[in-house]
Amino acid sequence: MSRAIPRTYWVAGAAVLLALLFAAAATVAAANGGSAAAPAPAPRTPGLHSADAGFARDMAVHHQQAVEMSFIVRDRTQDEAVRTLAYDIANTQANQRGMMLGWLDLWGLPKVVADEPPMSWMGTSGGHGGHGGGDGGQAGHGGQAGHGPAKPGALMPGMATKEELEQLGAASGRDAEVLFLQLMTDHHQGGVTMAEGCAQLCATPVERNLAQGMVDAQRSELALMADMLKQRGATPRG
């Protein structure tokens with residue numbers, strides 16, 4: 001039986017919409033280089049191991065899984081509130097993923113770097129966390145992650161494992177709704193930490209703005225999902 005969409009959903013949706021509109025406006029402004037009377041100086045292109053590039057690569061992968069989980073639950077429940085939330089997450093994160101991959105193309109940088117550990121741009125996994133000289137990146141701030149390592153089988157903190165995705169695909173009804181909300185809560189918590197890192201470390205203003213928009217929107221969705229879990233007699237996994 002469908003449940004009425006909670007009022008908090010509209011708050012989360014509005015935050016997501018504002019974040020997207022702000023990011024789009026910032027992108028246009030960056031492309032125009034400021035006003036015609038006083039053009040802004042050409043921005044420095046981020047380097048291969050900069051925070052800007054690392055965040056774009058890692059968050060594109062992180063977002064892709066959120067889109068995948070949203071499409072899975074859409075077909076596993078008829079609950080309108082969950083299906084609407086899943087659609088909103090899939091649409092928002094697919095659009096943001098496209099923006100980040102577009103920036104990498106614009107910067108002439110690869111979307112995958114074979115020898116770069118996930119989240120090394122945050123200075124949390126050794127690797128290339130210290131790279132950034134001459135490219136505007138400030139990666140190398142140890143302890144920025146604010147969370148433990150990724151669980152076994154997961155690429156990055158907050159991401160679901162292959163087994164968890166299979167479990168979601170096999171569930172239905174309330175079981176699918178609860179598991180989706182729990183998995184997405186974990187996913188958002190990891191995503192917020194990554195976005196906070198970019199908001200502090202990234203040198204490209206439009207990317208910092210998008211990252212902060214992600215933080216604000218996903219925090220609103222975290223509150224919404226906690227309410228939705230409570231309505232189903234469940235809690236986040238913690």
Side-chain angles (χ1 to χ4, degrees), residues 49 51 53-77 82 85-90 92-94 96-98 100-101 104 110-129 139 142-198 211 214-215 217-219 221-222 224-226 228-229 232 234-238:
H49 296 298
F55 173 76
R57 284 190 290 266
D58 284 351
M59 191 58 88
V61 173
H62 209 267
H63 272 21
Q64 181 58 35
Q65 189 183 78
V67 173
E68 179 183 358
M69 290 195 294
S70 297
F71 279 129
I72 291 174
V73 80
R74 180 195 62 178
D75 298 329
R76 308 306 302 166
T77 179
V82 172
L85 174 63
Y87 173 82
D88 183 70
I89 291 173
T92 298
Q93 298 209 13
Q96 292 176 342
R97 182 173 184 272
M100 291 181 288
L101 294 177
L104 290 170
K111 298 177 179 66
V112 176
V113 178
D115 64 341
E116 182 178 68
M119 300 179 67
S120 58
W121 58 274
M122 295 182 73
T124 60
S125 59
H128 298 286
Q144 288 290 337
H147 52 64
K151 59 191 171 187
L155 184 63
M156 285 177 269
M159 292 186 70
T161 64
K162 178 182 177 182
E163 291 73 22
E164 287 171 331
L165 294 178
E166 291 174 349
Q167 184 181 357
L168 178 62
S172 62
R174 178 191 172 277
D175 289 343
E177 295 161 19
V178 169
L179 182 57
F180 169 75
L181 293 168
Q182 290 174 333
L183 291 175
M184 193 60 74
T185 293
D186 293 346
H187 205 272
H188 271 22
Q189 288 171 343
V192 164
T193 298
M194 292 170 63
E196 287 176 332
C198 179
M214 290 177 187
V215 171
Q218 292 192 24
R219 280 179 175 166
E221 287 180 342
L222 282 168
L224 167 63
M225 290 189 290
M228 294 174 75
L229 281 168
R232 291 160 176 80
T235 60
R237 298 191 300 182

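Bear in mind that the values here come from a model prediction, so they are computed numbers and not experimental data.
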Asker: Do side-chain atoms of Gln182 reach the backbone of Thr235 as a donor and acceptor pair under 3.5 angstrom?
Answerer: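 The answer is yes, because a donor-acceptor pair under 3.5 Å joins these two groups.
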Asker: Given His63, which partner from the list Arg97, Gln96, Glu68 fulfils the side chain to side chain donor-acceptor pair (under 3.5 Å) test?
Answerer: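 Exactly one candidate clears the test, Gln96.
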Asker: If I compare all heavy atoms of Ala170 with all of Arg76, which pair ends up nearest, and what's the gap?
Answerer: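 So the two residues come closest at O-NH2, 3.8 Å.
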Asker: My understanding is that only residues two or more places apart in sequence, or in another chain, count here; which of them pass side chain to side chain contact (heavy atoms under 4.5 Å, CB included) with Leu104?
Answerer: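 By the side chain to side chain contact (heavy atoms under 4.5 Å, CB included) rule, Leu104 matches Ala53, Ala56, Arg57, Leu101, Trp107, Leu109, Lys111.
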Asker: Working to the nearest 0.5 Å, report the span between NE2 of His49 and CD of Glu116.
Answerer: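 Answer rounded to 0.5 Å: 6.0 Å.
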Asker: Can you tell me how far the OG1 atom of Thr193 sits from the NE2 atom of His188, to the nearest 0.5 Å?
Answerer: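 Here the rounded value is 12.5 Å.
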Asker: How long is the gap from CZ on Arg74 to OH on Tyr87, to the nearest 0.5 Å?
Answerer: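 That separation rounds to 10.5 Å.
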Asker: For a 4.5 angstrom cut-off between non-hydrogen side-chain atoms, does Cys198 reach Met59?
Answerer: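 They are not in side-chain contact.
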Asker: So do Val215 and Val192 actually touch side chain to side chain, heavy atoms under 4.5 Å?
Answerer: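 Result yes, sub-4.5 Å side-chain heavy-atom pair found.
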Asker: Considering non-hydrogen atoms only, spot the tightest contact between Ala195 and Met214 and give its length.
Answerer: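 Closest approach of Ala195 to Met214, heavy atoms only: CB-CB, 4.0 Å.
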Asker: Considering non-hydrogen atoms only, spot the tightest contact between Ala234 and Arg174 and give its length.
Answerer: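 Scanning both residues, the minimum pair turns out to be CB-NH2, 4.3 Å.
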Asker: What are the two closest non-hydrogen atoms of Leu165 and Ile72, and how far apart are they?
Answerer: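 Closest heavy-atom pair between Leu165 and Ile72: O-CD1, 4.3 Å.
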Asker: Working to the nearest 0.5 angstrom, can you tell me the gap between Asp186 CG and Leu222 CG?
Answerer: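 One finds 9.5 Å between CG of Asp186 and CG of Leu222.
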Asker: CG of Asp88 to CD of Gln93: how many Å apart, nearest 0.5 Å?
Answerer: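 Reported value, rounded in 0.5 Å steps: 9.5 Å.
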Asker: Quick check: do Glu164 and Leu179 have side-chain heavy atoms less than 4.5 Å from each other?
Answerer: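 With C-beta onward as the side chain, the pair stays apart.
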Asker: Spell out, as yes or no, whether a donor-acceptor pair under 3.5 Å connects the side chain of Thr77 to the backbone of Val73.
Answerer: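 Looks like no, no N/O pair under 3.5 Å.
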Asker: Nearest 0.5 Å, please: how far is CZ in Arg232 from CG in Leu229?
Answerer: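 Rounded to the nearest 0.5 Å, the CG-CZ separation comes to 7.5 Å.
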Asker: Taking all non-hydrogen atoms of both residues into account, name the closest pair between Phe55 and Met100 and its distance.
Answerer: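 Closest pair (atom of Phe55, atom of Met100, distance): CE2-SD, 4.0 Å.
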Asker: Looking at Ala160, is its backbone amide N or carbonyl O close enough to the side chain of Gln65 to form a donor-acceptor pair, meaning the two atoms are under 3.5 Å apart?
Answerer: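 Checked: pair present.
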Asker: List the steps and the verdict of side chain to side chain contact (heavy atoms under 4.5 Å, CB included) for Met156 and Met194.
Answerer: CA-CA 10 Å; Met156 285 177 269; Met194 292 170 63; 4.0 Å; yes
Asker: So, for Ala86 and Ser70, which heavy atoms are closest and what is the spacing to 0.1 Å?
Answerer: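 Answer, listing the atom of Ala86 first, then Ser70: O-CB, 3.3 Å.
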Asker: Side chain to side chain contact (heavy atoms under 4.5 Å, CB included) for Leu155 and His62? Distances and angles first, verdict last.
Answerer: CA-CA 9 Å; Leu155 184 63; His62 209 267; over 6 Å; no
Asker: May I ask you to test the Leu85-Met225 pair for a side-chain heavy-atom distance under 4.5 Å?
Answerer: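 Answer yes - side chains close enough.
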